[in-house]
Amino acid sequence: MRQLQVSAIKDGTVIDHIDSKSTFKVASILNIPAESRLILVGMNLSSRQLGKKGIIKIEGKVLNQEEANKIALIAPNATLNIIKNFEVVEKRRVSLPEELVGIVKCFNPNCISNHERIQTRLKVVKKAPVRLRCHYCERTMEGEDIELL
Amino acid sequence: MVSLKNKDIISIRDFTKEEILYALNMAMEMEERSYPELLKGKVLATLFFEPSTRTRMSFESAMKLLGGEVISFAEPSATSLVKGESLKDAVKIIEGYSDIIVIRHFLEGAPRLTADTVNIPVINAGDGANQHPTQTFLDLYTILRAKGSLEGLSVGFLGDLKYGRTVHSLAYALAHFPCQMLFISPPSLRMPAYQLEELRERGVKYSEHSSFEEVCHRLDVLYCTRIQQERFADPVEYEKVKGTYRLSKSLVEGLKVKPDFKILHPLPRVDEMDESLDETPYAVYFQQARSGIPVRKALLAAILGAK
């Protein structure tokens, strides 16, 4: 039997195939530091697909698709495994939502979202390569201009 | 049935072709007849956080010609915003004093935030380099008056196509109508790639040029813009492109332009358009400036549900 590098959970969600260096960013977007549940985080696990991958296991919580999609921008290959009684009962992929709220900074220094205490809102106008348009200033950004908050 | 009642006017992107035509038809009606009591009892709050004379006066005049009242602050430095109050709080208070808000702000997206915050209609009168949708409506109105239709035209855009917000908005709006667009600019001031890609995706036929003389015979309309010195961080770069285009009566008459060729310009101009053009049948830019009143009257009446 293969030994798990990160212990199994009984019921909950496993977010697998995270690009290893983005693991903590994913945890932060999902507000995991504020969780009181059991959370197991692994980094630099070997992966055929990614070389090195990260994994987050959340005991007692099933992430819904909307929550999971928030991480699609930085972990586009992530898979979501829903666990019941130690068994995978459902596998899902993440996909970019239509709008990213409070995740990406608008790159335009003259945008109101960089001056008022409001959540940023970026519409996804194109998924590959990712292109975002600010709800407020309407500027579009892609590639290096996309900066996480 | 098309209705603009309670609709915010923040970006030309928010308008369908039908809504645009509805507003333009209403502007024609406003030009033909006066409605001095249409907005009686209604109050417009003008919030100009950036200096503007013409746009502000045009809105105030339009509201008063329809029988409405206008309130405003003397200058932004006299408001509680300089004491650190957020824009959201400020507009929530002003919402209680008025039926409609017109806002100009140096920060891009401020009008959108205002519209998201209050429950009364909001009109964007210009937010930085982003949008100035009522200008686009009056540009479209001028073309419609001059040419009789917005369909099937060959429209040239000349000057600063990189930073010119009026160009981007007008091109976006004209893409609703089958037309040909010719973008004429110095290489450093071409239309941004993302704007061109969006036009391509919307099926617009366009081409890019650097010489006006080479393509002017193909144009029904020319939308001429000023090369804006304030957009250049490096004065050397500005020196390189300023004065690239100088249209004059003798130049245009010496070229084989179409007999009903028309020139628009959002004004102010610098040296790209000589005064000798003003009295020619090509020039419609002063009519364009005057269109501000019927167009803004129409938009105020439409979103306040009076028509």
Side-chain angles (χ1 to χ4, degrees), chain A residues 25 28-29 31 34 64 66-67 69-74 76 95-149, chain B residues 8 10-15 47 49-50 76 81-82 84-92 103-117 122 124 126-133 136 162-163 165 168-169 171-172 191-202 230-231 233:
Chain A
K25 276 186 193 163
S28 165
I29 288 172
N31 207 18
N64 65 38
E66 195 185 334
E67 285 175 291
N69 286 347
K70 289 182 189 172
I71 67 169
L73 190 66
I74 54 162
S95 74
L96 268 178
E98 287 182 8
E99 188 174 53
L100 298 168
V101 180
I103 294 170
V104 174
K105 179 180 161 66
C106 177
F107 81 133
N108 173 11
N110 213 27
C111 176
I112 189 78
S113 68
N114 288 315
H115 295 264
E116 288 261 323
R117 281 191 296 274
I118 52 173
Q119 282 203 309
T120 61
R121 290 175 60 185
L122 283 297
K123 291 197 175 71
V124 178
V125 288
K126 202 170 171 186
K127 293 194 173 182
V130 176
R131 183 186 298 159
L132 308 175
R133 178 182 297 123
C134 178
H135 168 73
Y136 294 104
C137 73
E138 302 187 17
R139 293 283 285 271
T140 56
M141 58 203 89
E142 52 189 27
E144 288 175 357
D145 291 333
I146 298 175
E147 187 189 334
L148 295 179
L149 279 168
Chain B
D8 301 307
I10 305 301
S11 166
I12 201 69
R13 291 177 173 278
D14 302 337
F15 286 82
L47 312 181
F49 292 92
E50 191 180 51
L81 288 149
V82 291
E85 186 181 39
S86 71
L87 178 68
K88 276 177 83 170
D89 284 0
V91 297
K92 271 226 155 290
I103 178 169
R104 169 172 283 202
H105 205 289
F106 48 89
L107 289 175
E108 291 150 28
R112 180 75 71 190
L113 176 63
T114 302
D116 290 349
T117 305
V122 176
N124 178 4
D127 57 336
N130 183 30
Q131 285 271 333
H132 189 3
T136 308
K162 184 177 179 183
Y163 299 109
R165 68 178 175 191
H168 302 164
S169 298
Y172 186 90
M191 279 286 273
Y194 68 89
Q195 296 274 357
L196 293 176
E197 188 176 338
E198 189 169 28
L199 292 173
R200 256 196 321 275
E201 285 166 359
R202 295 177 68 201
E230 60 271 27
R231 301 278 180 220

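In the text below, chain A, chain B and the rest are named by the order of the sequence lines, each starting its count at 1.
- Residues A:Asp145 and A:Lys105 are not paired through a salt bridge, judged by the lack of any N-O separation under 4.0 Å between the basic side chain and the carboxylate.
- The most heavy-atom pairs under 4.5 Å with chain A, out of B:Gly128, B:Ala115, B:Gly109, come from B:Gly109.
- Contact check for A:Phe107 versus A:Arg139: side-chain heavy atoms found under the 4.5 Å cut-off.
- A 4.5 Å side-chain heavy-atom check between A:Glu67 and A:Asn31 finds every atom pair outside the cut-off.
- Side-chain atoms of A:Lys25 never come within 3.5 Å of backbone atoms of A:Ile74 as a donor-acceptor pair (strictly under, hydrogens ignored).
- The closest donor-acceptor contact from the side chain of A:Asn114 to the backbone of A:Cys106 lies under 3.5 Å.
- Among A:His135, A:Arg121, A:Arg117, the residue making the largest number of heavy-atom pairs under 4.5 Å with chain B is A:His135.
- Only the side chain of A:Arg131 has a heavy atom closer than 4.5 Å to any heavy atom of chain B.
- Using a 4.5 Å cut-off between heavy atoms, B:Gln195 makes no contact with chain A at all.
- Heavy atoms closer than 4.5 Å to chain B are found in the side chain of A:Asn108, but not in its backbone.
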